[in-house]
Amino acid sequence: MNQETSTALTTTSPEPQNYPGQWKLLRTIAGAHQGWVRAVTMDEVTNDWFVTGSSDSTIKIWDLATSQLKSTITGHIMGVRALVVSKKFPYLFSGSEDKTLRCWDLEKSNAVEGCQIKNFHGHVGGIYALSLHPQLDVVLSGGRDAVVRIWDIRATKEITLLSGHKSDITSIESFDNEPQVITSSMDGTIRLWDLRKQTTELCITQHSKSIRSMVAHPLESTFTSGDSDGNIKQWLLPGGQLLNNFEKSEKAQEDGHIINTLSINSVTNTLFAGYDNGKIEFYDYVSGKLLQLGHAPALPGADGAAIYASTFDMSGLRLITCGGDKSIKIWGEIE
């Protein structure tokens, strides 16, 4: 069910009028899944719908404007941890703790026979991160087995793998220029890869704790990473130079540290950080200044409000967060 709310967050900027509007919780889809909601992705072509994946092993497609459920996709036998929608084809890719990468035909999402069209086998651990290359017809997957596997979408076969991380792969970003792939890991490192040589060009070791999330700016040659000690760092591509350490308030340091998800609003240049204890933060992406902080409210009876996944819509007007209380929350800006 949808719950209309008007939860406001704390403003930390002394001059908030100089920044984009403040964010508040607009709507909660309570009971969106039967388990933790661990993954979310937008349809970047129409911006009309988004997809969520859960530890209940289901994938659900939602209407962005109305928050109504459009379709439920089943087939995985364990939790869904990563999702990505193709811009070229009507395909959705999902990675799961069941060690499989699957491809679904969204034009058949309500078909009685189901809509799975491909199943990629090869990982020996759960899959936690996915990326579709912007030019090549390949999908990249990584997870518990600490390698990134690169798959030919058409042939449904593994082309190669990128090996070097010592622990779980948590994020993958791919580009049509150099470096073609960057990855983050629970081993506390970020690697920049040469896809042609399948080798590491640079290993960034400036995080002292495990990295749960990393996100590239869609319009700039920069990316941002967040670790389990609450540190957020911004980097420049292609060389991987450190640009900024994002500001942390005293209250933020007291409240807990584990960052599970980062998202960039490229329209307003705002960075969102979601934490394991339900804490949420909004930053100015350029200056690294903390603009707003608060906590996502947990639903009654929930065992916590951990935020596991997030995404802004393409207009920059809505933020979607997914959490441990089995809900989906829709946030919007207020002036």
Can [X] and [Y] be counted as having a side-chain donor-acceptor contact under 3.5 angstrom?
X: His121; Y: Thr100; answer: no
X: His257; Y: Ser228; answer: no
X: Ser167; Y: Ser185; answer: no
X: Ser310; Y: Thr321; answer: no
X: Ser54; Y: Trp36; answer: no
X: Thr183; Y: Trp193; answer: yes
X: Ser67; Y: Trp62; answer: no
X: Thr199; Y: Asp194; answer: no
X: Thr58; Y: Lys60; answer: no
X: Trp49; Y: Asp63; answer: no
X: His165; Y: Thr189; answer: yes

Measure centre to centre between the rings of Trp23 and Tyr283, then say whether the value is under 6.0 Å.
->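 That pair fails the under 6.0 Å test.
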Quick one: are Arg102 and Phe93 in side-chain contact, heavy atoms under 4.5 Å?
-> no
Minimum side-chain heavy-atom gap Phe272-Val215 below 4.5 Å | no
Sort out for me which residue in Trp235, Phe223, Tyr285 forms a ring-ring contact (aromatic ring centres under 6.0 Å, His included) with His217.
->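 The passing option is Tyr285.
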With a 4.0 Å cut-off on N to O distance, would you call [X] and [Y] a salt bridge?
X: Lys326; Y: Asp56; answer: no
X: Lys157; Y: Asp152; answer: no
X: Glu97; Y: Lys99; answer: no

Cluster overlap [X] with [Y], hydrophobic side-chain contacts below 4.5 Å:
X: Ile59; Y: Val40; answer: no
X: Leu92; Y: Met314; answer: no
X: Leu162; Y: Val138; answer: yes

Say whether, by atom type as modelled, one donor and one acceptor occur between the side chain of Ser174 and the main chain of Val181 under 3.5 angstrom.
->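 Flag not set: sc Ser174 to bb Val181 has no pair under 3.5 Å.
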Asp187 and Arg191: CA distance, side-chain angles, deciding distance, salt bridge (Lys or Arg N to Asp or Glu O under 4.0 Å) verdict = CA-CA 11 Å; Asp187 65 13; Arg191 287 179 179 261; 5.2 Å; no
Determine whether more than 12 heavy atoms belonging to other residues, nucleotides or ligands lie under 6.0 Å from atom CD of Gln34.
->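 Result for CD/Gln34: open.
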